[in-house]
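Please read these numbers as outputs of a predicted model, since none were measured by experiment. Throughout, residue positions are numbered sequentially from 1 according to the sequence presented. Counting starts at 1 for both ligands and their atoms, in listed order.
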Amino acid sequence: MEEKKTFRELGLSEEILQAIEKKGFEEPSPIQALTIPILLKGEKNIIGQAQTGTGKTAAFGLPILDTLTTNNSKHVQALILAPTRELAVQVSDEIISLKGEKRLSVAAIYGGQAMGEQLRRLRRGVDIVVGTPGRVQDHINRGSLDLSQLSFLILDEADEMLNMGFVDDIEKILESVPEEKKMLLFSATMPSKIKHIAKKYMGDYEIFEVKKRDLTSNLTEQIYFEVTRGDKFEALCRIVDIEEEFFGIVFCRTKVDVDDVS
Ligand code: ADP
């Protein structure tokens, strides 16, 4: 088997290595081992067929954080598009936790949040924007988001964004960014619409696939029990009882069930 590379061997700087250590990552996940060196060298665009939980955020976040300049004026250097507000916030939190002491500002810009606050934030200057496509497009139209100096564009969960009807917004955004930027596209599936976007906008790119078995967290064992409706509650109680320490989340279908079970 091929020897696993360390984060240091992937070529990351001391500053970012310190942040990784603080974060507690010991070794790169497969997708990280692949994308980090390529993005640090700025050689190619990448399509990653990868599911949630494979460590995608650090796979693009670490090389971006390492490459961006800190004496930036007011233009955005990296734009990450994500399908939902929750994902945008999650990605932006993860990137903030990976940047360590490096003076880069990160903002999540999503639909449903008041415009005023986002406009103020963008005016002050942001290096990395994580946003949902519709709201990002709004800001481009208003002139509040300047992408003319963009170095990196990332489409996270691209298939989900298309499923949610963001294809026009995405195409418009892709048309308003510089051609020299590096682009990454992550998607769990590769429908023809995604291939079309790649062909039209990504120039030279490399595709790779991260298999399920490569997930960063496979510590969860999955079990199911078939019980009649009337026995469900008792069965759950018994499972909780036989576990020495039960820490968990119980999902229910209705509000009433949630009240009863809790
Ligand atoms: P994805 O974007 O693929 O859904 P994330 O980037 O959110 O996955 O990563 C999933 C979880 O694994 C996060 O909590 C993240 O901090 C953690 N993680 C990512 N890379 C590593 C690594 N190399 N070592 C340990 N944990 C990691």
Exercise. At what distance, to the nearest 0.5 angstrom, does CG of Leu147 lie from NE2 of His139?
Worked result: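 Between Leu147 CG and His139 NE2, I get 11.0 Å after rounding to 0.5 Å.
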Exercise. Out of curiosity, Asp138 CG to Met115 CE, how far, rounded to the nearest 0.5 Å?
Worked result: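 These two atoms lie 4.5 Å from each other.
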Exercise. What part of Phe7 sits under 4.0 Å from ligand 1 if we count only heavy atoms: the side chain, the backbone, both or neither?
Worked result: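 For Phe7, the contact with ligand 1 is made by the side chain alone.
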Exercise. With sequence neighbours left out, what residues match Lys22 under salt bridge (Lys or Arg N to Asp or Glu O under 4.0 Å)?
Worked result: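 Checked Lys22 against salt bridge (Lys or Arg N to Asp or Glu O under 4.0 Å); zero matches.
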Exercise. Would you say Leu10 and Leu98 are hydrophobically clustered, going by side-chain heavy atoms of ILVMFWY under 4.5 Å?
Worked result: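 In one cluster with Leu10: Leu98, yes.
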N/O to N/O below 3.5 Å, does that happen between [X] and ligand 1?
X: Asp156; answer: no
X: Gly55; answer: yes
X: Gly53; answer: yes
X: Gln32; answer: yes

What atoms of ligand 1 come within less than 4.0 Å of a heavy atom belonging to [X]?
X: Glu27; value: 22 (C), 23 (N), 24 (N)
X: Thr57; value: 2 (O), 5 (P), 6 (O), 7 (O)
X: Ser29; value: 23 (N)

Problem set entry | Pairs involving residues 147-187, ordered by first then second residue, that meet ring pair (Phe, Tyr, Trp, His ring centres under 6.0 Å) (sequence neighbours left out) |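 Pairs touching residues 147-187 that pass the test: Phe60-Phe186.
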For this session: Take Glu94 and Lys23 through the test salt bridge (charged side-chain N to carboxylate O under 4.0 Å, His left out) and record every step on the way to the result.
Result: CA-CA 10 Å; Glu94 179 84 355; Lys23 176 95 178 151; 3.2 Å; yes
